[in-house]
Amino acid sequence: MEEIKQLIANCIAQALDKKVESEEILQKIEIPKNKENGDFAYPCFNLSKILKSSPLNIADILKDKIILEKNILKVEAVSGYLNFFIDSTNVIQDILKEIIEKNDCFGSSLEGKGKNIVVDYSSPNIAKPFHLGHLRTTIIGRAIYNLYKELGYNVIGINYLGDWGRQFGLLIEGYNRFKNEYEIEKDPLHILSEIYVRITKLAKEDESVMDLARENFKKLEEGNEEYLKLWKYFKDVSLKEYYRIYDILGCKFDSYNGEAFYNDKMDEVIKILDEKKVLVDSEGAKVVKLKENEPPCIIVKSNGSTIYATRDLAAILYRAKQYDFEKAIYVTSYEQIHHFEQVFEVAKNLVEEKYSKGLVHVAYGMVRLKTGKMSTRDGNVIYLQDLIEDSIIKAKKIIENKNPSLKNKEKIAKQVGVGALVFNGLKTSKIKDVVVDLDEVLRFDGETGPYVQYTYVRTKSILEKAKFSLKNIDMDTIDFTILNTEEEVELIKELNKIKKVIKKAAQEYEPAILNRYIIDVATCFSKFYNECPVITNNKCLTDARCVLVYATGIIIKKGLSILGVECPDKM
RNA sequence: GCUCCAGUAGCUCAGUUGGAUAGAGCAACGGCCUUCUAAGCCGUAGGUCGAGCGUUCGAAUCGCCCCUGGGGCACCA
């Protein structure tokens, strides 16, 4: 397709006697929304200044001057546009052959070969159950991880656990005060989080409690054994729970180095900033001043303990050395935009430019409930565990209803239920706020995960019925010119877009672009499915269509797998 | 107050980086299963693209200003 576009650009340049470079023309060539306007279009409006004539005239004249190359069927001049119609039979053949040959590597590239990318995502604060708010960073981060892998990068996924900070001073205070009122072992995370809510409330009423918490954290930082033991307990019970959730979601990390990991690596940050003479005293704290009239970035608090920003800076320093990263991507909600602006600015004093310019904050919108902001304190929270269970139960009910004889119902219900949640979470642009509507989240028809999975299942089902196997097929003898209905041509062109889509989604850190594309592929296939029977008496037709069905399956499965959604063969 | 982000059909969202008649899903209404899974497909209806001004051959898209909602603005993360 790209070659033909280039060919068209060359033709136009020729017809213009090279008054405009073909590169420049190529940039302007677009794909018309309406098929009646051909496969490619070139708007002639900007030529009218150069040629001193009306766009309509120019289009008319150019149309007659253009010498048609092979594979270009005709040119039309319509209201200032040059519309090109191409002969897609060769193109179709090439696309299908390439997909079959490359299989799930179709659409991948090697442009990132030898380069490292760090993706920091999920990163829950320990001692709290995983709730719906954590789902977004987890699945967006994972998708970005997979997208860059497709571009050939060596990607390192880091779960930067929120396992350090004043909150643990507070939790220790609460634990020591209230632990005897609970049977913590029964459900550690929920109970710890309840204790945290209680002590937070108390600290709000009584400032001395918060002072104790600050002291506790200071002791923890200084290595107090009793507190460290408690802290380790909090971390262990949290991880046990998180591993279970990550397992259900199919999420893996290359490192679980959280904030605490950097406890002994912050002195170096302070030392470097001090040497660079950017660290100054202000109101008892050590800070780096950034813009005029703007609060500075605090590096050391007035009580001598560190803060979030210090740990993030230590992590940047460490990751630059350890991973020699091309990019370091942080996936958090947009609440932290300002924080990362500051940290990235300070980091310029800490690491070489090649690292500091690779720092990227990927900000996503807030997750809210209809009843307001999600808050453990008010009980206004949806735990991920519960939501996943509901979704799987719903999937099972539907299976029981539609396909009662299905084998492995449990496994498939899990794939569909979890797939629905993940796919739904990657459907809209990440920057938009989400108000959770459970009816919407647990919807299985329309533009949803189950719809796409169902489409994939249909491809498998056809191929099984047709007893299709690549081994019994000689690609060179298949006559692909037989695939000439509108549905077939549209579907094949759609399949071919995956490479561009992956690249764009990665560049924009926007998995939703891939999500929408997969829906488009599924919709094209469904139209084809309804209009073009695959299993027919005509062996040539059946063979060619089977290859198309097989190729569609490859693309859907690949796309879903990048998004972290599994594909059942039957459902 | 300063600053960042969002505003497109009743609802949830796309919109190829400035192009031709602004597209989907849900909800509503109507049609399609004795033939590859109807978790599907087809059709009907639904729009002053938050408001205004500007930039130009052309604006949902770029600029300015205003309105609405949300975020952030030093010892929380």
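Below, chain A is the first sequence line, B the second, and so on; all start at residue 1.
Centroid-to-centroid, the aromatic rings of A:Tyr364 and A:Tyr509 stay 6.0 Å apart or farther.
Between B:rA38 and A:Arg458, a contact under 4.0 Å exists linking OP1 or OP2 to a side-chain N or O. The phosphate of B:rC41 has OP1 or OP2 within less than 4.0 Å of a side-chain N or O from A:Tyr451. OP1 or OP2 of B:rG15 has at least one side-chain nitrogen or oxygen of A:Arg516 nearer than 4.0 Å. When the side-chain nitrogen and oxygen atoms of A:Lys432 are compared with OP1 and OP2 of B:rA14, one or more of them lie within a distance under 4.0 Å. Between B:rA14 and A:Tyr517, no contact under 4.0 Å exists linking OP1 or OP2 to a side-chain N or O.
Contacts of A:Glu440 with the nucleic acid, taken as non-hydrogen atoms under 4.0 Å apart, are absent.
Of all nucleotides present, only B:rG54 satisfies the Watson-Crick or G-U wobble test against B:rC62, with each distance under 3.5 Å. Base pairing of B:rU48 is not made with any nucleotide, judged by Watson-Crick or G-U wobble geometry with both donor-acceptor distances under 3.5 Å. Checking B:rC41 for Watson-Crick or G-U wobble geometry (two distances, each under 3.5 Å) identifies B:rG31 as its partner.
Under a cutoff of 6.0 Å and an axis angle of 45°, A:Lys394 and A:Phe444 form a cation-pi pair.
Atom-to-atom, CD1 of A:Ile519 to C1' of B:rA14 comes out at 10 Å; the value is rounded to the nearest Å. Put simply, CG on A:Asp445 is 14 Å from C1' on B:rU12, counting in whole angstrom units. A:Phe340 has its CZ atom 17 Å from the C1' atom of B:rC5, to the nearest Å. If you take CG of A:Asn403 and P of B:rG40, they are 15 Å apart, rounded to a whole angstrom. In this entry the distance linking OH of A:Tyr456 with C1' of B:rA39 reads 17 Å, nearest Å. Protein atom CD of A:Gln342 is 9 Å distant from nucleotide atom P of B:rA74, rounded to whole Å. Distance A:Arg214 CZ to B:rC76 C1': 9 Å, rounded to the nearest Å. Note: CG (A:Asn515) to P (B:rA24) measures 18 Å, nearest angstrom.
Of the listed nucleotides (B:rA39, B:rG70, B:rA77), B:rA39 has the atom at the smallest distance from the side chain of A:Ile398. Counting only heavy atoms from C-beta on, A:Arg443 has its side chain closest to B:rC26 among B:rC26, B:rA77, B:rC36.
Taking a cutoff of 4.0 Å between a charged side-chain nitrogen and a carboxylate oxygen, A:Lys373 and A:Glu335 qualify as a salt bridge.
One N or O on the side chain of A:Asp39 and one on the backbone of A:Ile86 form a donor-acceptor pair closer than 3.5 Å.
Proximity of A:Ser526 to A:Thr523: side-chain heavy atoms (C-beta onward) are nowhere separated by under 4.5 Å.
A donor-acceptor contact under 3.5 Å is not formed by the side chain of A:Gln167 with the base of B:rA77.
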